[in-house]
S.K.: 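Sharing a structure, written as C-alpha cells. Questions coming.
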Amino acid sequence: MSTVNIPELFGSLVFDDRVMKERLSEDIYASLKKTIDENVRLDEAVADAVAEEMKNWALENGATHFTHWFQPLTGVTAEKHDSFITPSSDGGVIMEFSGKELIKGEPDASSFPSGGLRATFEARGYTAWDPTSYAFIKDHTLCIPTAFCSFSGEALDKKTPLLRSMQAINRQAMRILKIFGTDAKYVKTSVGAEQEYFLIDQELWKQRPDLKYTGRTLFGAMPPKGQEMDDHYFGVIKPRVSEFMEDLNIELWKLGILAKTEHNEVAPAQHELAPIYATTNIATDGNQLTMEIMKKVANRHGLVCLLHEKPFAGVNGSGKHNNWSIATDTGVNLLSPGKTPYENAQFLLFLAAVIQAVDDYQDLLRLSVATAGNDHRLGANEAPPAIISVFLGEELTAIIDAIKEDKPYQGTEEVKMKLGVHSLPRFSRDTTDRNRTSPFAFTGNKFEFRSLGSSNSIACCNIMLNTAVAESLRQYADELEKSTDFENDLHELIKRVFKEHERILFDGNGYGEEWVKEATEVRGLSNLITTADAMPKLLDKKNMDMLQSHKVFTEAEIHSRCEIMLENYVKTVNIEGLTMVDMVRKNYLPAIERYLYRLSQTTVLMRQVSENVKCKYEVSTMERLSELTDYIMDAVIELEDALAEFKTIGDVFKSSEFVRDTMLPRMDKLRKFVDEAEMLTSQRDWPFPSYGQLLFSVN
C-alpha cells in the first residue's frame, strides 16, 4: 500500500468534477454544473459536448463499450453494453458516442419486475442519464448512471423515486430556511452507509448448496465457540482478510468511493467497511458498487463475500447503518446542534421534523428495510428490534423536556475525562452516550438508521425518510408562513411537536421484552415483525396520500412496489424451502443412514468379541438418530406439502401470509431436527462443512 499514490489513484476511473472542469469549455461546464447543483433542466446541446469528451476520456482509460447503468426493482444493478464502434465508409470503424446515446437508452424492460405496471409483451423501457451522479469506468465499460422507466413513464427503478424524494425535501426545507432568512440556494441530504459482511473460504462455500442458492445456511449446529468471547470485534485483522481489504480499498478508490474505515465485526468471519458521507443518490450508487466489488475482490482471494442479513444462525447478522443528514449548499448541517442547541431554534425545528416523521411514518421506515433475510436479523444478536423508536441522548432529551414544560434549560457541564495516567491526554466527554439497540439514533449531527439489512439498497429507506421529513416541514411551513408573531409561534410549534410525538423517543434497552410490551401496549407503537406484516402498510391511505402529494410515487407505482416486494419475499422463502428438501433427501438422510449402518456393524462386531461389551455410545446414538430420521422424514413431508400448497395460492398477500404462518415454522422445525442429528453424526459422514469450519477457516 505504501507504493500507491492515493490522491492520484482516487477517482481515476470517474468522470468527476475535476475531469469535467479540465475537459469541458467554461460555458458547457457552467451549464452542466447548474443542472447538477440546482436541478435545472439539462440543455441537449450540452449533452452532445459532454458525450464527446466523456467518450474521449473513456477511450483514453481503456474503455471499449458504454452502458446505461441502472437500478431496477430486483435490488441489484443492471447494464447492457454497446461498443463505441461505428462502421466507416472505407470498411473500417470509427469511435462514436452522441448526446442522444448519453441521454437516453432503450433496454428491453419485459423481464424486470414491474408489479403489474405493464404486461410481459410490453417490452420497451427507457433509461435516462442522471447527470447528478458521475459516470465511471468498470470492466473496460463506461457506466452512465441512469433512471429507468416504462414506455408509459412509470418508474421501474429505485433511483427515480429517490431523486424525487430529494426534490421534495429540498422544496420544503427551502421554504423553512426562507422563513428564517437563511442564505441558501438548495438543500441536499447526505448519507454514509456502513456495510457489514462475512468472508468465508470459497472451497467450503462450493460445498454448501444452501449458501450457493440462498446466500444463507439453512442448516448448521453451532460450534463450541461463537462470538461469546467478544474477541473478534476490532481484533487484529487476519492476513488473508487484510489483503482482501487492501485490494478492495484500491478498487473502490479508483471509482471515487470514499472507503474510510475497516475492522472486524462482532461475529467470527464478520467485517465492516464504512465510507465518508456523500450526497444521497451518489452514496446509493456507491453502495451498490461497493457490494458488487466486494464479491469480485473476494473471489480473487479465494474467498466468498456473504451479504445476506443472517447467513449463520446463532451469531450476529449483518446490517447496513444509514447515517443520514441534511445540509445547505453553503455547508450548513441543519442537524448540527452547535454549542448551544437550546438556543438554536432552526436546529430544533429540523429535529422536530425528523422526530415527527419517524413517529407518523414508522411503518414506512420499517417496510423500507423489510426482506426475508432481514426478518431473521431484526431483534436478534445485537440487531435493533422491528419496533421503530428514536434515541436522542441525555442532552437533547433534557432540552426537549425543558421546552415541553416551558422551563429554563440548565445546560450540561463539560466533563474532562481523567484516566489516571499523567502522560495520557485529557479530553472532553461527549454530552451523550451511544445506544446500539436503537433503530434510529441521533449521533451528534446526524441520525443513524440501523435497521437496514446488509444486502438492502439504501435507496428504499432514504426515499421514505426524505419524503416523511419533507411532509413534516411542509406542515411547519404552511403554519409559519402565515405567522404574525414568528418567535412565539415557532416556540409553540416546536413545543407542540415534541409533546405530540414523545412516544417515539426511547433511550433505554431496545432488546428487553419489557420494551416490546411498553412500546405496543402503552405507547401504541407498531411492531411489524415480518415482511408479510410490514409491506401491506404501504397501501394505507395516509401513506399513499403522503407519497403521492410530494410526487415521489404515483398510485400505480406504490401498488407495484408493494406487490414486487411481497413477491420477492415469498419467492425467496420458496427457494429456501425447496433447497432444504433437496439437501435433506439427497444428502442429510443418506448421510445419517450411512453412519447408522456403520454404528450397527460396529455394535455387532463388538458383541461378537464379548457379550459383556455394553455398547452404550453406539446403542444410544443409534436410538436417537433413528428417532431423528423419522422426525426429519415427517418434517420433510410437511414442508413438501406446504410447498405444493404454496403453488396453488395466486394472491401475493395471501401467499405472504402462508409463508409467514406455515412455511417458515415448518422450515424451522425441520432445521431443528437436522441440526441435532449433526451433533450426533461423525464429521466423516456429515455431507457438508460445519459452522466451525465455515466461521473459522480464513486466516
Side-chain angles (χ1 to χ4, degrees), residues 193-194 196 227-228 230 233 265-267 270 272 309-310 313-324 335 351 354-371 373-398 400-401 430-444 446-454 456 458 460-461 464-465 468 498 501-531 533-534 537:
E194 303 169 32
E196 295 174 347
Q227 64 187 54
E228 57 270 63
D230 299 320
Y233 189 53
E265 256 298 334
V266 174
Q270 188 185 34
E272 181 178 301
E309 286 73 21
K310 197 73 171 177
V315 299
N316 273 19
S318 291
K320 179 157 17 201
H321 301 171
N322 189 82
N323 294 281
W324 181 91
L335 291 179
L351 177 67
V354 177
I355 291 170
Q356 178 179 337
V358 176
D359 188 17
D360 286 347
Y361 299 102
Q362 53 189 280
D363 49 357
L364 285 182
L365 289 177
R366 170 63 184 94
L367 68 86
S368 73
V369 301
T371 62
N374 212 22
D375 286 355
H376 294 291
R377 168 182 165 265
L378 292 178
N381 299 99
E382 295 195 10
I387 301 166
I388 302 294
S389 63
V390 176
F391 168 83
L392 293 180
E394 294 175 10
E395 182 176 26
L396 288 184
T397 299
I400 288 174
D401 288 342
D430 291 326
T431 57
T432 185
D433 201 352
R434 289 186 175 183
N435 186 333
R436 306 307 291 170
T437 72
S438 174
F440 201 90
F442 186 75
T443 55
K446 63 187 186 301
F447 278 96
E448 182 182 27
F449 188 25
R450 301 181 62 243
S451 296
L452 284 78
S454 54
N456 284 165
I458 66 171
C460 302
C461 74
M464 299 307 179
L465 182 55
F498 287 154
H501 299 282
E502 61 184 342
R503 68 171 185 164
I504 201 72
L505 304 177
F506 177 64
D507 286 3
N509 179 15
Y511 295 153
E513 284 298 318
E514 60 276 9
W515 165 235
V516 175
K517 186 174 182 180
E518 178 188 337
T520 56
E521 297 179 14
V522 179
R523 300 191 182 207
L525 301 179
S526 60
N527 185 18
L528 304 170
I529 297 173
T530 71
T531 299
D533 300 314
K537 296 293 182 182

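This structure is a prediction, so every number in the text was calculated from the model and none was measured. Here, residue 1 is the first one in the sequence, and each next residue gets the next number.
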S.K.: State, with a plain yes or no, whether a side-chain heavy atom of V354 is found less than 4.5 Å away from one of W324.
M.R.: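 Touching, per the 4.5 Å side-chain cut-off.
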S.K.: Looking at side-chain heavy atoms only, is the closest gap between E265 and Y233 below 4.5 Å?
M.R.: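 A side-chain contact exists here, since the closest heavy-atom pair is under 4.5 Å.
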S.K.: On a heavy-atom basis, which atom in S368 and which in C460 lie closest, and how many Å separate them?
M.R.: O-CB, 3.5 Å
S.K.: Heavy atoms, side chains only, cut-off 4.5 Å: are L392 and I355 in contact?
M.R.: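 The answer is yes; the side chains approach within 4.5 Å.
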S.K.: Determine whether H501 and V390 make a side-chain contact, defined as any pair of heavy atoms from C-beta on separated by less than 4.5 Å.
M.R.: no
S.K.: With heavy-atom distances below 4.5 Å as the criterion, would you say the side chains of F391 and P384 are in contact?
M.R.: no
S.K.: Within the side chain of K320, is there an N or O that forms a donor-acceptor pair under 3.5 Å with the backbone of N456?
M.R.: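 Here the side-chain-to-backbone pair exists.
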S.K.: Quick one: are S451 and L365 in side-chain contact, heavy atoms under 4.5 Å?
M.R.: no
S.K.: Any chance you could measure N527, atom CG, to L525, atom CG, to the nearest 0.5 Å?
M.R.: 9.5 Å
S.K.: Would you find a donor on one side and an acceptor on the other, under 3.5 Å apart, between the side chain of N374 and the backbone of V369?
M.R.: yes
S.K.: Quick one: are I458 and L452 in side-chain contact, heavy atoms under 4.5 Å?
M.R.: yes
S.K.: Taking Q362 for its side chain and S526 for its backbone only, find out whether a donor-acceptor pair lies under 3.5 Å.
M.R.: yes
S.K.: Run the numbers on L378 and R366 for side-chain contact (heavy atoms from CB on, under 4.5 Å), then give the verdict.
M.R.: CA-CA 10 Å; L378 292 178; R366 170 63 184 94; 3.7 Å; yes
S.K.: E448 side chain to A441 main-chain N or O, any donor-acceptor pair under 3.5 Å?
M.R.: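 Side chain of E448 to backbone of A441, a donor-acceptor pair under 3.5 Å: no, none is there.
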S.K.: Which heavy-atom pair separates S389 from S438 by the least distance, and what is that distance?
M.R.: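 Where S389 meets S438 most closely, the heavy atoms are O-OG, 3.9 Å.
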S.K.: Keeping the roles fixed (side chain from D375, backbone from T531), state whether a donor-acceptor pair exists under 3.5 Å.
M.R.: yes
S.K.: Excluding sequence neighbours, so at least two apart, what forms side-chain hydrogen bond (donor to acceptor under 3.5 Å, both in side chains) with T371?
M.R.: none
S.K.: NE2/H376 to NZ/K310 distance, rounded to the nearest 0.5 angstrom?
M.R.: 10.0 Å
S.K.: Return a table of donor-acceptor pairs under 3.5 angstrom between the side chains of residues 513-522 and protein atoms on other chains or two or more places apart.
M.R.:
from, atom 1, to, atom 2, distance (Å)
E518, OE2, R523, NE, 2.9
E518, OE2, R523, NH2, 3.0
T520, OG1, V516, O, 2.7

S.K.: Run the side-chain contact (heavy atoms from CB on, under 4.5 Å) check on I388 and V358 step by step: do they pass?
M.R.: CA-CA 8 Å; I388 302 294; V358 176; 3.6 Å; yes
S.K.: Restricting to side-chain hydrogen bond (donor to acceptor under 3.5 Å, both in side chains), what partner residues turn up for D360, sequence neighbours left out?
M.R.: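 Expected list: Q356.
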S.K.: Atom OG of S318 and atom CD of E194: how far apart are they, to the nearest 0.5 Å?
M.R.: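 The OG atom of S318 sits 12.5 Å away from the CD atom of E194.
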S.K.: When rounded to the nearest 0.5 angstrom, what is the spacing between CD1 in I400 and CD in E502?
M.R.: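 With rounding to 0.5 Å, CD1 (I400) is 9.5 Å from CD (E502).
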S.K.: What is the distance from atom CG of D401 to atom CZ of F498, rounded to the nearest 0.5 Å?
M.R.: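 Those atoms lie 10.5 Å apart.
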S.K.: What is the distance from atom CZ of F506 to atom CD1 of I387, rounded to the nearest 0.5 Å?
M.R.: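 Nearest 0.5 Å value for the CZ-CD1 distance: 9.0 Å.
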S.K.: Output, in order, the C-alpha distance, side-chain angles, deciding distance and verdict of side-chain hydrogen bond (donor to acceptor under 3.5 Å, both in side chains) for N323 and T443.
M.R.: CA-CA 9 Å; N323 294 281; T443 55; 4.6 Å; no
